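If you're wondering where the values come from, they're calculated on a predicted model, not measured in any experiment.
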Amino acid sequence: MPCSAAEIEHVVGWLSNVRFCQGLDRDQLITLAQELTIRSFAAGETIASPDEPVTEFWIVVEGELDSFLTDPRGRENFLGVVHQGETVGEIFILEKNPNRPARFT
């Protein structure tokens, strides 16, 4: 969670450019910024695997995520790239899908 006023302002700055946050006013962005957990990941690190419980969603601040879906035969298929400013996982939450169907690296 960002704790200083400068950190919150920094997070509000990038949230204001995220499509998921369009329509939110400054006060709402500040509230959201105060609730976020900011995490870093190494290049190539898997941050989510299939069948894990979905308890959060992510906003890609820097870099990209590759997404993969495993078919019923166990073959993994590349779905696409999640780019900076895009979100991951919100659809699973909104659809009340308890488990993540994809891997994100």
Side-chain angles (χ1 to χ4, degrees):
M1 276 170 126
C3 50
S4 74
E7 290 172 323
I8 290 170
E9 280 302 315
H10 181 73
V11 173
V12 166
W14 60 257
L15 283 175
S16 66
N17 293 311
V18 173
R19 186 174 64 192
F20 185 81
C21 297
Q22 286 179 348
L24 298 179
D25 64 30
R26 180 167 172 70
D27 289 338
Q28 291 168 321
L29 291 174
I30 290 170
T31 299
L32 183 57
Q34 292 169 333
E35 296 297 322
L36 292 178
T37 299
I38 298 171
R39 299 188 313 193
S40 297
F41 299 96
E45 181 179 352
T46 296
I47 65 168
S49 297
D51 297 324
E52 287 180 344
V54 179
T55 59
E56 59 189 12
F57 76 95
W58 306 301
I59 301 170
V60 178
V61 176
E62 286 183 358
E64 300 175 328
L65 291 173
D66 290 332
S67 58
F68 303 88
L69 187 64
T70 303
D71 70 17
R73 292 185 177 179
R75 295 176 298 206
E76 193 171 71
N77 300 295
F78 178 72
L79 290 176
V81 177
V82 182
H83 299 280
Q84 182 176 328
E86 295 180 331
T87 55
V88 174
E90 76 283 5
I91 300 300
F92 307 133
I93 292 170
L94 293 171
E95 291 180 347
K96 298 183 181 179
N97 187 345
N99 294 317
R100 191 176 311 282
R103 176 172 71 90
F104 295 93
T105 300

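- Linking ILVMFWY residues whenever their side-chain heavy atoms come closer than 4.5 Å, directly or via other members, places F20 and L15 in the same cluster.
- Shown here for C21 and L32, the closest heavy-atom pair between the two residues is SG-CD2, 3.8 Å.
- Taking 4.5 Å as the limit, every side-chain heavy atom of L69 sits out of range of all side-chain heavy atoms of E76.
- Residue S67 forms a side-chain contact (heavy atoms from CB on, under 4.5 Å) with just one option from L79, V88, T105, and that option is L79.
- Under the salt bridge (charged side-chain N to carboxylate O under 4.0 Å, His left out) criterion, E56 pairs with R39, sequence neighbours left out.
- Between F104 and W58, the two ring planes are perpendicular [angle over 60°; tilted spans 30° to 60°].
- Sorted by first and then second residue, the side-chain hydrogen bond (donor to acceptor under 3.5 Å, both in side chains) pairs involving residues 80-98 (not counting sequence neighbours) are E64-H83, T87-E90.
- I93 and I91 fall into different hydrophobic clusters, where Ile, Leu, Val, Met, Phe, Trp and Tyr are joined by side-chain heavy atoms under 4.5 Å apart, directly or via other members.
- In this structure, E62 places its CD atom where only 12 or fewer heavy-atom neighbours from other residues, nucleotides or ligands lie under 6.0 Å away.
- Counting all heavy atoms, side chain and backbone alike, P101 lies closest to P50 at O-CB, 4.0 Å.
- Closest heavy-atom contact between G85 and V18: O-CG1, 3.3 Å.
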Decide side-chain contact (heavy atoms from CB on, under 4.5 Å) for V81 and L65; before the verdict, give the C-alpha distance in whole Å, the side-chain angles of both, and the deciding distance to 0.1 Å. CA-CA 6 Å; V81 177; L65 291 173; over 6 Å; no

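- Here the OG1-CZ distance, from T70 to R103, works out to 7.5 Å after rounding to the nearest 0.5 Å.
- Alongside L94, the hydrophobic cluster contains no other residue (criterion: ILVMFWY side chains under 4.5 Å).
- Distance CD1/I8 to CD/Q34: 4.5 Å, rounded to 0.5 Å.
- In this structure, D51 and N99 approach most closely via the heavy-atom pair O-OD1, 3.4 Å.
- Aromatic pair F57/F92: centroids not less than 6.0 angstrom apart.
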Can you check side-chain contact (heavy atoms from CB on, under 4.5 Å) on N77 and F68, steps first, answer last? CA-CA 5 Å; N77 300 295; F68 303 88; over 6 Å; no

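- Taking OG1 of T31 as the start and CG of L24 as the end, the distance is 9.5 Å to the nearest 0.5 Å.
- A distance-only check finds no donor-acceptor pair linking the side chain of E9 to the backbone of A6 [under 3.5 Å].
- A distance-only check finds a donor-acceptor pair linking the side chain of E7 to the backbone of S4 [under 3.5 Å].
- The shortest non-hydrogen separation linking S16 to G13 is OG-O, 2.7 Å.
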